[in-house]
Amino acid sequence: MSKAIVSSLYDSEVFRMACRQFDKAADAISLPDTLRDRTKYPRRCLAVSLPIRRQDGSVTVFEGYRVQHNLSTGPSKGGIRFHQSVTLGEVAALSMWMSWKTSLVGLPYGGAKGGVIVDPHTLSETELEHLSRRYMQEMVNFLGPHVDVPAPDVGTNEKIMGWMMDTYSNHVGHLEPAIVTGKPIALGGSQGRREATGEGVAYLVKQYLRDLKVPIGRATVAIQGFGNVGSETARALARYGAKIIAISDHTGAFHHPKGINIEKALTYVRSQKVLRDFDGGEPITNAELLELKCTVLIPAALERVITEKNAAQLKCRMLAEAANGPTTNAADKIIDERGDIEVIPDVLCNSGGVIVSYFEWLQNLSNFYWDREEVMTKLFAMLDKAKLSVDAQKKKFQFSRRLAALTLGIQRVADAKQSRGLFP
Ligand code: NAD
């Protein structure tokens, strides 16, 4: 039996969670021992120190990471997170999920993730630009349009991707838009990329409600997180006719049983940056939001918010995982045993983001740009295909939907490694 001899480099609760998910899936498909550890562990990582001159003349050093989990199936792909609680282990876990996700939806990519330990809200615009550019400068030799292609994640956005693209392009001496995705449209970003993850989540929720024969006009929805993904999911679901009864961000949660006016919330956040003191609903706590009675619960913030403490108390019919890794292994077991909640697992649910990132990369490489309708039509077609394959796998092996999605994703990565040999 082969056994990995590895250090505790990535050890953390969230990395162990991703590893337990992998082990369960690998057992379910009887993945040979010779393939297990090299499919499971990240291929390589880079940790960098990022000194930034502050507005007051002082210098602060931030720490950043990039973990490339798998490069066997194409350039690795995954977002960059700016958040105060980033750890190398978290970035490694997120990179594993990116591998299973790109593989599940059939993209010619591996998986990666990046992060910087910083609360971006505490930086001025200039400091944020310096940090973003410095991160890319340190990563120049580790990334590339055919090596590893970053995108936005928590705490990063189009503007940051634009700065990073510019830094890389200045280094190589020519414009290289395909180095990152999620850029502003003026710099080669794709139509529809900003809303792609949320649109994809909303589309899958709509399709799964249809399978359950629940009219979307009668569905109530609670969403945790009102950033890029949460707010775009809310907007798309409201457009489909669902009633969004609760929204939240890190500054507070708001509940309105008759439905929150999402356009009003979006306007509020555009001017105030956060939901604090929003008057479109009753203030509740983020913990209460997760336990509200609703048709669809959508965690769209950080990992590990559905735990063994609240899994038994959930009162939703469907759990749509817009965030990566929102459900712990213990909570997953409780939800499986309850059997009354349809789970759309993260690797399927939020895959709209990386799908349209792929479209952006294709457009950059070919210098031929698509209109929004083409992007959305192709996005929904790929989501339909992924949904069909997950549900067929679920039915064939009597798996949970998460296990079905993970086994499909992991199998393809393992097959590529098997065919290529030991090096990639
Ligand atoms: P974002 O930074 O735009 O928004 C994050 C939101 O979560 C903010 O509203 C923030 O206030 C909120 N939040 C943070 N901590 C919270 C807490 N403790 N309680 C409640 N709300 C909290 O980030 P995003 O891009 O929307 O990413 C959200 C999730 O979606 C992450 O798990 C990310 O990995 C995942 N995701 C993002 C994309 C993408 O395209 N951006 C794609 C796939 C998956």
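For the numbers below, each heavy atom of this structure counts, side chains included, while hydrogens, waters and symmetry mates do not. Just so you know, ligand 1 is whichever comes first in the structure, and atom 1 is the first atom listed for that ligand.
- Under 4.0 angstrom from ligand 1, the non-hydrogen atoms of N228 come from both its backbone and its side chain.
- A 4.5 Å side-chain heavy-atom check between K243 and T295 finds every atom pair outside the cut-off.
- Contacts between V305 and ligand 1, counted as non-hydrogen atom pairs separated by less than 4.0 Å, are absent for every part of the residue.
- Of the polar atoms of S248, none of the N or O atoms is found under 3.5 Å from an N or O of ligand 1, judged by distance alone.
- Contact annotation for R81 and ligand 1: only side-chain heavy atoms (C-beta onward) come within less than 4.0 Å of the ligand.
- Less than 6.0 angstrom separates the ring centroid of H121 from the ring centroid of H250.
- Residue-level proximity to ligand 1 for V154 is carried by backbone and side chain together, each with a heavy atom below 4.0 angstrom.
- If you run salt bridge (Lys or Arg N to Asp or Glu O under 4.0 Å) between R194 and each of E158, E360, E199, only E158 comes through.
- Of the candidates G182, G227, G79, it is G227 that places a heavy atom closest to atom 8 (C) of ligand 1.
- For the pair A301 and ligand 1, the shortest N or O to N or O distance falls below 3.5 Å.
- Proximity of A322 to ligand 1, defined as any heavy-atom pair under 4.0 Å, is confined to the backbone N, CA, C and O atoms.
- The aromatic ring centroids of H130 and W163 lie 6.0 Å or more from each other.
- For Q137 and T167, the side-chain atoms include no donor-acceptor pair closer than 3.5 Å.
- A151 and S357 get closest at one heavy-atom pair: CB-OG, 4.1 Å.
- Ligand 1 lies within reach of R193, whose nearest heavy atom is under 4.0 Å from it.
- At least one N or O atom of V229, backbone or side chain, sits closer than 3.5 Å to an N or O atom of ligand 1.
- Looking at A196 against ligand 1, nothing comes within 4.0 Å, counting heavy atoms.
- Atom CD of E373 sits in a sparse spot, with 12 or fewer heavy atoms from other residues, nucleotides or ligands closer than 6.0 Å.
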